[in-house]
Structures are given as structure tokens and as C-alpha cells.
Undergrad: 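I'd like to ask you about the structure that follows.
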There are 2 protein chains.
Amino acid sequence: MKLADTVAPIRPATAAFDVDALAPHLPTTRRRLRTGQHLYRAGQAFHALYFVHAGFLRTSLVADDGREQVTGFPMRGDLVGCDAIGAGAHIGDAIALDTCEIVELAYPAVLDACRGVPALHGMLAEAMGAELRRDRARLLALATLSAEQRVAWFLRGLARRQRALGYSAHHLCLRMSRVDIGNYLALKHETVTRALSHLDADGVIAVERREVRIPCVERLDAAAGAGAAVASRAA
Amino acid sequence: MKLADTVAPIRPATAAFDVDALAPHLPTTRRRLRTGQHLYRAGQAFHALYFVHAGFLRTSLVADDGREQVTGFPMRGDLVGCDAIGAGAHIGDAIALDTCEIVELAYPAVLDACRGVPALHGMLAEAMGAELRRDRARLLALATLSAEQRVAWFLRGLARRQRALGYSAHHLCLRMSRVDIGNYLALKHETVTRALSHLDADGVIAVERREVRIPCVERLDAAAGAGAAVASRAA
DNA sequence: CGTGCGATTGAAGTCCCTCAAGACGTGTGG
DNA sequence: CCACACGTCTTGAGGGACTTCAATCGCACG
């Protein structure tokens, strides 16, 4: 239950899921996705939550008129599909940006399993609470930060998540396009490019296509401006 | 369990809570708040969820550097405080904009109560799922709508929630200031005023200080632009 | 009756968007 | 293997939407 740790790194809650321990209480099925394949689509019946065991995805909300809003980039340790609970159907798409290995947790069967595994109940609630906090931290970032600060904030978030999984925080490989990043941050792709170029020119990062090196994390924190303080607590 | 209804009006999930039925399984305490009083503050220990029985609040996320982001305006039937689950402490303030009557649901005791009241478990999960959907619909609105569309979208959301509670959708009494609305919509208060004035000039609404009349809801939907379609499904 | 906060309106400025062109990298077919 | 086509990324110039700064008005409060 390291979830209760307020100052834990990004996405601690979902990363704490021990899917294997569930096996005796809940029939879990595994799925493998290739780059570009959909985990689910908007409108599809909701019948399971998805735990990302490996890979990298992009989730989005799709409006009736076709407008799309990227809602996140789940990676290993994240729980996907919570926003469909109570809606009956998925409200957006989830697409693999990489080869993915997914564990399916049938819903609402997973709720029944909570009785057999008491800790699961709290973990599920905490995973959703963490997701709410992330959404709101993002709202704060979009509402208060400039374009360049948002991009820095985004990169820093990715770096922290990587570090939390045991990888280096000094090198990122962006699996998503500039358009995806822009959509996620409420910016146009040209603006994302410009911000990256400018951060590069300032020596904060080194960008080469989708490879990003971060020599000094503190400088990136500073570039994320006033947002630096929040995300470490709320994300 | 009308919660499963996909096309239900705004905030059906939380409104479906039957708090009284919980009494035998969970010790609930009632609190009364006067205008301006805090239900909780950022940093305070998290030990309960709050069900709004009457009144109108404003919730916000508070950053370490003091920046504040309004996250919502809970009213009767809403569940408040879910975003603290797993964090140990509240990440923002909740302040009464009106005389409020609140029912406190101790956490994590409420999780244990789920065993005695099976339906509660699903309802809790669905309330949080609905909150996630609302946050993301708002993200979509902020990312894709113009200032005037956002304000129209905001008013329409309030009108729908009132209607869902049995009140008229043609007359609103805004309990929050222009600054609060602006913060919520990622706009400056002057821009909010200008948008309201313009909607008034167009005859879509009639604004007088904090009183808003909506003669034709369809015209307001149209003014919310492309956002009209989404919110009815995702909000 | 004065004080103060909230709301409104105007004018100037800034940031990001829009439109446009070019460069880079990749995959495909000849 | 090369040529071509396509998508992605990059960079520039101009314009528009919102912000910023500033002044005034209105209402509630002491």
C-alpha cells in the first residue's frame, strides 16, 4: 500500500496493481496488440478494464461530430478504461502506439473479486482517484501555463513515469506524433514543434525527431514554470 | 441503477445515491455549512467522502505556489472529495457558495460498507467513472471551443443539472463570481463578461448580474457550438 | 454616506493560430 | 537500386482571439 504516499512519483497507484495475485479470484485474459491496433473503440460495449503489462497506448475521447481529444498515453502499470464505468460503452478509442501486452479484467466481475481480495477494493478506488488527480493537474497546466511550459511539463511527466518504472529519465523516445502531443496539450502541432525547438535552442533538451535527451531534469522543471510544484503532488 | 443509462442527463450517477439506505451499514454524520465556509482545505487529512444533500459548492485544486484551479461546482446529489482517494490528503479546497447540507461518508469505512450493500459498490465506482467522464468532456471543451462557446457550454451544463434535479432550465442564479467561472473555463473574468454580454446581445440569454434567463435552450445548445453533441453523451 | 468588491466596457498588446512552403525520413513500385 | 509518393516535422509570415491594463459603474456592506 505505498499508494498512500502523497509525494510518490507519477502514477504510483496503478503501478501497484499485482495482477497475478488476482488470478484465483478473477478470470483474466491476456491480449497482445500490434502498433496501430485498437484496444477498444468509441461506442463499443464496456465489459472490462485493461491493465497495461507492456507497451504504450493512446486513449482519446471521441465526440459525435468526430472531434477527438487525446486523454492520455497509458504505459506499463496503468489501468485503462475506467472512464467507461457506468456509461455502458467506451467514450473514446484506445490505440496501441507500440506492441502491447494487455491484461483484461472483466467488469463488473472485478468488483465481485474485491470481496475475495480486500486490498483490491482499495487499490481500484485509489487508481481511479489517482486518475482524477492527473486529469485535474492537467487541467491546471492547460489553464495556467504557456505553450512552451506545457510542452516542458509534458516531457517532464513522461520522464518521471519512465523513471518510476526503473528506466532512465534522461532519454525519451516519443511514441506519439506532434499532432497527438498538441491535441493532448490543447496546442497545434506547429506550436509543439516550435516549443521543442526553442527548448532545444536553450539547451534544456536535445531534440532529434522523436528522440529527446534531457541532460538536466532540474532545468526542465524550471521550464515547466510554476507547474513544477503541483504535478509532483497531484499527478 | 439508472446509472447505466448512457444518455442520462448530467450527473445521474451521483444523484442516484440513496444515502439514507446506508445508515444501517455506515455511520454517516451530517454537517451544515454557511456561505463561505470550507468543507475541507488543501492539505487536510482525507478521511471521508461528502455527499451534497443541499446547497452549492466550489471545489478547487491548489498548487504549492498558490495557483488555484477551480475543478467543479458540486450541487445536490453530487459526491465530493473522490479525487483525494489514495492521496492521503485533500489536493484542493471545497468551499460553500451557499448554505449547504452535507452527509459525511467515512473513508475507508464506506468501502467496507460495500459488502453489506452490494449495489453501493457499483454506484461508487460509477460515480467516479462519471466524474472522469465529466473532467474529460471539460478538457475537450477547453481544447476545442472558443471563449463564447465555452461560456455557453458552461451555462448549458448548469441548466441541465438543474433540470435533472427537477428545477427549471430556463432560469439560472449563478452562485459563483465571474472570476470563478473564468478560472473554471480557463478564461479571464473580463472575457467571461464579454461572452455573456455578447450572448445577451444576440438574444440567446438575458443576463442581469448573476441572474440568467434562457428563453430557448436550443439556441444555447447552438451557441455551445460543436460541443453540443459531446456533453450529452460524455458528461 | 463612504468604502470595497464585483461587473462591465474600451484600447492596446501578446501569444498562439492559420496559411504556406520546404525538408526529412520511410515505404513502395518500377 | 533508384525514383517517387506520402506522411511527419520544421520554419516563416501574417492575422485573429484572448489577455492585459485601465477606467467606470453598480450594488452590498459597515
Undergrad: Taking any heavy-atom pair under 4.0 Å as a contact, classify A195(B): base, sugar-phosphate, or nothing.
TA: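 Answer is nothing: A195(B) stays at 4.0 Å or more from every strand.
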Undergrad: Can you name the side chain to side chain contact (heavy atoms under 4.5 Å, CB included) partners of A152(B), sequence neighbours left out?
TA: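 Side chain to side chain contact (heavy atoms under 4.5 Å, CB included) list for A152(B), sorted by chain: L199(B), L220(B), A223(B), A224(B).
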Undergrad: Show me, pair by pair, the donor-acceptor contacts under 3.5 angstrom made by side chains of residues 200-210 of chain A, not counting sequence neighbours?
TA:
from, atom 1, to, atom 2, distance (Å)
D200(A), OD2, V207(A), N, 2.8
R210(A), NH1, R175(A), O, 3.2

Undergrad: When the distance from CG of L142(A) to C1' of dC18(D) is rounded to whole Å, what number comes out?
TA: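 In whole Å, dC18(D) C1' lies 16 Å from L142(A) CG.
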Undergrad: Return the set of residues passing side chain to side chain contact (heavy atoms under 4.5 Å, CB included) with E211(A) (not counting sequence neighbours), or none when no residue passes.
TA: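 Scan of E211(A) (side chain to side chain contact (heavy atoms under 4.5 Å, CB included), adjacent residues dropped) gives H171(A), C173(A).
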Undergrad: What are the 5'-most and 3'-most nucleotides of DNA chain C lying under 4.0 Å from any heavy atom of chain A?
TA: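 The footprint of chain A covers dC16(C) to dG25(C).
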Undergrad: How would you list, by chain and number, every residue that makes a ring pair (Phe, Tyr, Trp, His ring centres under 6.0 Å) with F56(A), sequence neighbours excluded?
TA: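 Ring pair (Phe, Tyr, Trp, His ring centres under 6.0 Å) list for F56(A), sorted by chain: empty.
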Undergrad: For T144(A), which residues count as a side chain to side chain donor-acceptor pair (under 3.5 Å) partner, sequence neighbours excluded?
TA: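 Residues passing side chain to side chain donor-acceptor pair (under 3.5 Å) with T144(A): R67(B).
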Undergrad: Could you work out, with side chain to side chain contact (heavy atoms under 4.5 Å, CB included) as the rule, every residue matching S197(A), not counting sequence neighbours?
TA: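 Residues passing side chain to side chain contact (heavy atoms under 4.5 Å, CB included) with S197(A): T193(A).
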Undergrad: Mind calculating the distance between CG (L185(B)) and C1' (dC18(D)) to the nearest angstrom?
TA: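 Distance check: L185(B) CG to dC18(D) C1' gives 14 Å.
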Undergrad: Using ring pair (Phe, Tyr, Trp, His ring centres under 6.0 Å) as the criterion, list what pairs up with Y40(A), not counting sequence neighbours.
TA: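 Checked Y40(A) against ring pair (Phe, Tyr, Trp, His ring centres under 6.0 Å); matches are Y50(A), H90(A).
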Undergrad: What does the B/S/- profile of nucleotides 5-13 of chain D look like, 5' to 3', with a 4.0 Å heavy-atom cutoff to protein?
TA: ---SSBBBB
Undergrad: Roughly how bent is the helix from dC1(C)-dG30(D) to dG30(C)-dC1(D) end to end, in steps of 10 degrees, with each end axis from five pairs?
TA: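 Between the first-five-pair axis and the last-five-pair axis there is 30°.
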Undergrad: Would you please name every residue forming a side chain to side chain donor-acceptor pair (under 3.5 Å) with E101(B), sequence neighbours left out?
TA: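 E101(B): no side chain to side chain donor-acceptor pair (under 3.5 Å) contacts found.
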Undergrad: May I ask you to decide if I85(A)'s main-chain N or O and R133(B)'s side chain share a donor-acceptor pair within less than 3.5 Å?
TA: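 Yes; judged by distance alone, with no hydrogens or angles, the pair exists.
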Undergrad: To the nearest angstrom, how far is L187(A) atom CG from dC18(D) atom P?
TA: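 Taking CG of L187(A) and P of dC18(D), I get 15 Å after rounding.
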Undergrad: Does H47(B) have any side chain to side chain donor-acceptor pair (under 3.5 Å) partners at least two apart in sequence or in another chain, and if so, which?
TA: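 Residues passing side chain to side chain donor-acceptor pair (under 3.5 Å) with H47(B): none at all.
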